[in-house]
There are 2 protein chains.
Amino acid sequence: MIKRLQIVEQKLQHIPREKEGLRLWLRIVSCSQMVEQEVRSMLRDKYDSTLPRFELLSALDRVPDGLSMGELSGWLMVTKGNVTGIAERLSEDGFIKRNPTPTDRRSFCVTLTPKGKKIYKEMEEDYESLLDKLFTDVSLDDSDTFTGVLAKVKEVVEELREDRE
Amino acid sequence: MIKRLQIVEQKLQHIPREKEGLRLWLRIVSCSQMVEQEVRSMLRDKYDSTLPRFELLSALDRVPDGLSMGELSGWLMVTKGNVTGIAERLSEDGFIKRNPTPTDRRSFCVTLTPKGKKIYKEMEEDYESLLDKLFTDVSLDDSDTFTGVLAKVKEVVEELREDRE
DNA sequence: AAAAACAAGTTTAATCTTAAACTAATTCCT
DNA sequence: AGGAATTAGTTTAAGATTAAACTTGTTTTT
């Protein structure tokens with residue numbers, strides 16, 4: 001059985017040395033895909049849940065006062081329509097609650113229910129220990145280098161977007 | 001208007017310094033999301049196309065003899081059912097062709113049509129110049145560090161998977 | 001050669017995702 | 001105050017994605 005790692009390397013061989021950005025990008029994507037796959041498997045097998053659901057719960061857990069649908073959309077970096085769907089299902093399962101906002105009748109304040117808090121705590125523990133395992137070999141130095149690079153790239157994207165507006 | 005960058009940083013503040021792996025992972029994810037968003041916009045606005053379509057064409061462009069559906073699935077790291085759908089739409093648009101394999105009647109050899117080759121070449125140029133722009137500030141040294149880190153993480157994931165089998 | 005095991009792709013049902021159009025509420029402008 | 005512009009969130013239509021069940025063809029085993 002051929003390893004996915006090998007496939008990616010095979011893919012990268014076709015890319016000339018000058019295009020280092022492209023090379024790096026493809027490596028980032030393939031690594032992300034693999035890690036996400038692991039996280040998804042864990043969430044599905046152990047909690048019958050998904051990554052988007054987990055991420056929404058995670059956002060709410062970090063902001064005990066709750067978030068509006070729009071804030072969730074920004075926080076998760078997905079469209080508002082997307083949040084509507086995920087929140088709907090989480091709400092049906094009783095993990096979150098959509099409270100009316102007194103000052104704005106269009107808006108909700110979404111919060112975790114006790115049930116949601118409880119399940120999230122368990123998920124979070126498994127999630128963090130999985131990532132800890134996967135990133136265990138990464139030194140603090142490398143992590144800092146990495147962080148700097150990612151920040152630069154994100155800055156460039158931000159600038160590009162601002163130019164468009 | 002609040003920047004996504006700021007939202008991510010806000011998110012990360014809640015994470016204790018010990019959990020460096022988690023921190024790094026969230027940074028990778030948010031950076032990937034932003035870059036992918038840019039690529040998607042470009043492909044949609046300029047080619048009325050999508051990233052999965054582009055990636056399938058890209059795989060075929062690099063292997064002129066063609067790939068089977070299963071090979072495409074491995075190459076793109078997605079399920080076979082997923083490939084079926086994307087290939088179907090690309091085929092309808094006349095960008096790819098599914099040729100029968102003489103030695104195995106279950107299998108196809110998928111190749112680019114001339115039309116597909118032509119459009120891919122144009123897309124590829126835009127894609128590469130976009131990534132070049134986004135990664136322009138990344139030094140070769142940093143890129144090497146990065147590559148090492150990513151390789152390590154992927155190794156760990158591979159090992160984890162092997163253990164499961 | 002027949003049965004069993006396996007492999008290549010497709011289908012299905014569910015969730016996710018997006019962009020764009022839409023509804024309803026709020027704010028801004030004059 | 002009253003109309004215009006903006007904003008919060010939903011809906012819609014189409015594609016992407018997955019896991020699991022399935023169909024058909026190939027290989028292995030006995």
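In what follows, chains are A, B, ... by sequence order, proteins preceding strands, each numbered from 1.
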| request: Answer yes when B/Glu125 and B/Lys121 have at least one side-chain N-carboxylate O distance shorter than 4.0 Å, and no when they do not. | output: no
| In whole Å, what is the span from the CG atom of A/Leu72 to the C1' atom of D/dT10? | 15 Å
| request: Mind calculating the distance between CD (A/Glu88) and P (C/dA14) to the nearest angstrom? | output: 15 Å
| query | Between A/Leu43 (CG) and D/dT18 (P), how many Å, whole number? | reply | 15 Å
| said: I'd like to compare against my own output: the B/S/- annotation of nucleotides 15-27 of chain C with a strict under-4.0 Å heavy-atom distance to protein. | reply: SSSBS----BBS-
| How long is the line joining CD of A/Glu71 and P of D/dG9, in whole Å? | 8 Å
| task | Round to the nearest Å and state the distance from A/Met69 atom CE to D/dT11 atom C1'. | result | 13 Å
| What does A/Ser68 touch in the nucleic acid at a heavy-atom separation under 4.0 angstrom: a base, only the sugar-phosphate, or nothing? | sugar-phosphate
| Distance below 4.0 Å between A/Ser107 side-chain N/O and D/dG9 OP1 or OP2 | yes
| How far does CZ of B/Arg98 sit from OG of B/Ser68, to the nearest 0.5 angstrom? | 11.5 Å
| field | Pairs satisfying side chain to side chain donor-acceptor pair (under 3.5 Å), at least one member in residues 100-112 of chain B, at least two apart | value | B/Asn99-B/Thr111, B/Asp104-B/Arg106
| Quick one: A/Trp75 CH2 to D/dG9 P, roughly how many Å, whole number? | 16 Å
| Pick from A/Arg44, A/Lys133, A/Lys46: which one makes a salt bridge (Lys or Arg N to Asp or Glu O under 4.0 Å) with A/Asp126? | A/Lys46
| Interatomic distance where CG belongs to A/Asp48 and C1' belongs to C/dA13 [whole Å] | 14 Å
| request: Quick one: pull up CD in A/Glu20 and CG in B/Asp132 and give me the separation to the nearest 0.5 Å. | output: 11.0 Å
| field | Test: B/Glu158 and B/Lys154 ion pair at under 4.0 Å | value | no
